[in-house]
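First up is the structure itself, then whatever we jot down about it.
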Amino acid sequence: MNLNLLAYLLFFPAMMALAVGVAQTCHRHGRPWMLGLFDNNDVLVDALNNILLVGCYLVNLGYIALVMAAWENVITIEQFVGALCQHIATIVLVLAGLHYQNIAVLLLWSHFKHRARIDHHQHQP
Amino acid sequence: MANKFVLTYLVYLPVVLLLTLYVARSLFKNGRVFMLDIFRGKTEIADSTNRLFEVGFYLINIGFALRIMEVNGYWAENLYDTNQEVVETLAGKIGGFAIYLGIMLFLNLFLFMRGRRKSNANRMPRPVEPTAPALA
């Protein structure tokens, strides 16, 4: 009798709640950035934001489930704690990486758009 | 001990169909804005194109989900009969399908954005190069 099912029961809801929380944060607080990038076109920004939110949920569900599918056989309690912590750490680090990637995309896009606007203004008499 | 294939399929099919339904409805409800942008406000053709792409999306994704449904890799000495194996197989299949759906969603989003950009480029006049002001 192994402890895998117990591990899955703890792991999956906790990781899904974390992924949903991070996705909602990006959804809510990325919106002002996107309004700045799309000239305050709020219909477009809301549509794009919702599509990105669904995409975020999907991809996060996907790799959390894949980590669960590849879980090693866990028999003793110390194996249980070790494997659980290791897999939680993997997921959390991947979430952090995606989060920073989102921030980087917003910043870079905003930077290039700001540069383009400055160049455009400089060319006008 | 009965094997658990049917249990797996009975969980897999509704989850996968509901996921496809949720993603397709969300994507094409929000994608309508892009269609209106591309077709410059003409609602009938925008809605028709949106519906066509939505049907295509359902077809290709439900087809893929059904193709990957079959559980194999088990043999006489290693029957597929524990709940742990069910959970792991389901997690693998549903997880892989969710990532595939995410890829399809981002592909569609990329096509929406590209269509919008090309439509705007055709609509707005090309920027005129600044010429030297005429001397009085």
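Treat the numbers as computed from the prediction; the structure is a model and nothing was measured. The sequence lines fix the lettering, A, B, ..., with proteins before strands; numbering per chain opens at 1.
In this structure, the portion of Tyr57(A) lying under 4.5 Å from any heavy atom of chain B is its side chain and not its backbone. Residue Tyr100(B) does not touch chain A at all, counting heavy-atom pairs closer than 4.5 Å. When heavy atoms are compared at a cutoff of 4.5 Å, Asn2(A) approaches chain B solely by way of its side chain, counted from C-beta outward. Proximity to chain A is absent for every atom of Met104(B), based on heavy atoms less than 4.5 angstrom apart. Looking at Asn83(B), the atoms closer than 4.5 Å to chain A (heavy atoms on both sides) sit in the backbone and in the side chain alike. Both the backbone and the side chain of Leu27(B) come within contact range of chain A, with heavy atoms under 4.5 Å apart. With a 4.5 angstrom heavy-atom cutoff, Phe34(B) touches chain A only via side-chain atoms. Using a 4.5 Å cut-off between heavy atoms, Tyr63(A) contacts chain B through both its backbone and its side chain.
In this structure the side chain of Leu19(B) reaches within 4.5 angstrom of the side chain of Leu61(A), judged on heavy atoms. Side-chain contact check for Val33(B) versus Leu48(A): every heavy-atom pair is 4.5 Å or farther apart. At least one side-chain heavy atom of Arg116(B) sits under 4.5 Å from a side-chain heavy atom of Leu44(A). Using a 4.5 Å heavy-atom cutoff, the side chains of Leu5(A) and Val87(B) are in contact. Residues Gln84(B) and Asn73(A) form a side-chain contact, since some pair of their non-hydrogen atoms from C-beta on lies under 4.5 Å apart.
More than 12 heavy atoms of other residues, nucleotides or ligands lie within 6.0 Å of CG in Leu7(B), so this atom counts as buried by the packing criterion. Heavy-atom neighbours of Lys118(B) NZ from other residues, nucleotides or ligands within 6.0 Å: at or below the threshold of 12. The environment of CZ in Phe53(B) is sparse: at most 12 heavy-atom neighbours from other residues, nucleotides or ligands sit within 6.0 Å. The neighbour count for Glu44(B) CD, taken as heavy atoms of other residues, nucleotides or ligands under 6.0 Å away, does not exceed 12. The neighbour count for Arg51(B) CZ, taken as heavy atoms of other residues, nucleotides or ligands under 6.0 Å away, does not exceed 12.
Side-chain heavy atoms closer than 4.5 Å link hydrophobic residues (I, L, V, M, F, W, Y) into clusters, and following such links, even through other members, never connects Leu9(A) to Met15(A). Put simply, Leu35(A) and Phe112(A) are part of two different groups of oily side chains (I, L, V, M, F, W, Y) that touch within less than 4.5 Å, one to the next. Under the 4.5 Å side-chain contact rule for hydrophobic residues, Leu52(B) and Met35(B) do not share a cluster. Linking ILVMFWY residues whenever their side-chain heavy atoms come closer than 4.5 Å, directly or via other members, leaves Ile75(A) and Leu6(A) in distinct clusters. Put simply, Leu58(A) and Ile68(B) are part of the same group of oily side chains (I, L, V, M, F, W, Y) that touch within less than 4.5 Å, one to the next.
Between Ile51(A) and Asn30(B), the shortest heavy-atom distance links the atoms CG1-CB, 3.6 Å. Nearest heavy-atom pair across Gly55(A) and Phe106(B) is CA-CZ, 4.0 Å. Of all heavy-atom pairs spanning Gly95(B) and Ala65(A), the tightest one is CA-CB, 3.5 Å. When every heavy atom of Ala69(A) is checked against every heavy atom of Glu88(B), the shortest pair comes out as CB-O, 3.5 Å.
Judged as a ring-ring contact (aromatic ring centres under 6.0 Å, His included), and not counting sequence neighbours, the contacts of Phe38(A) are Trp109(A).
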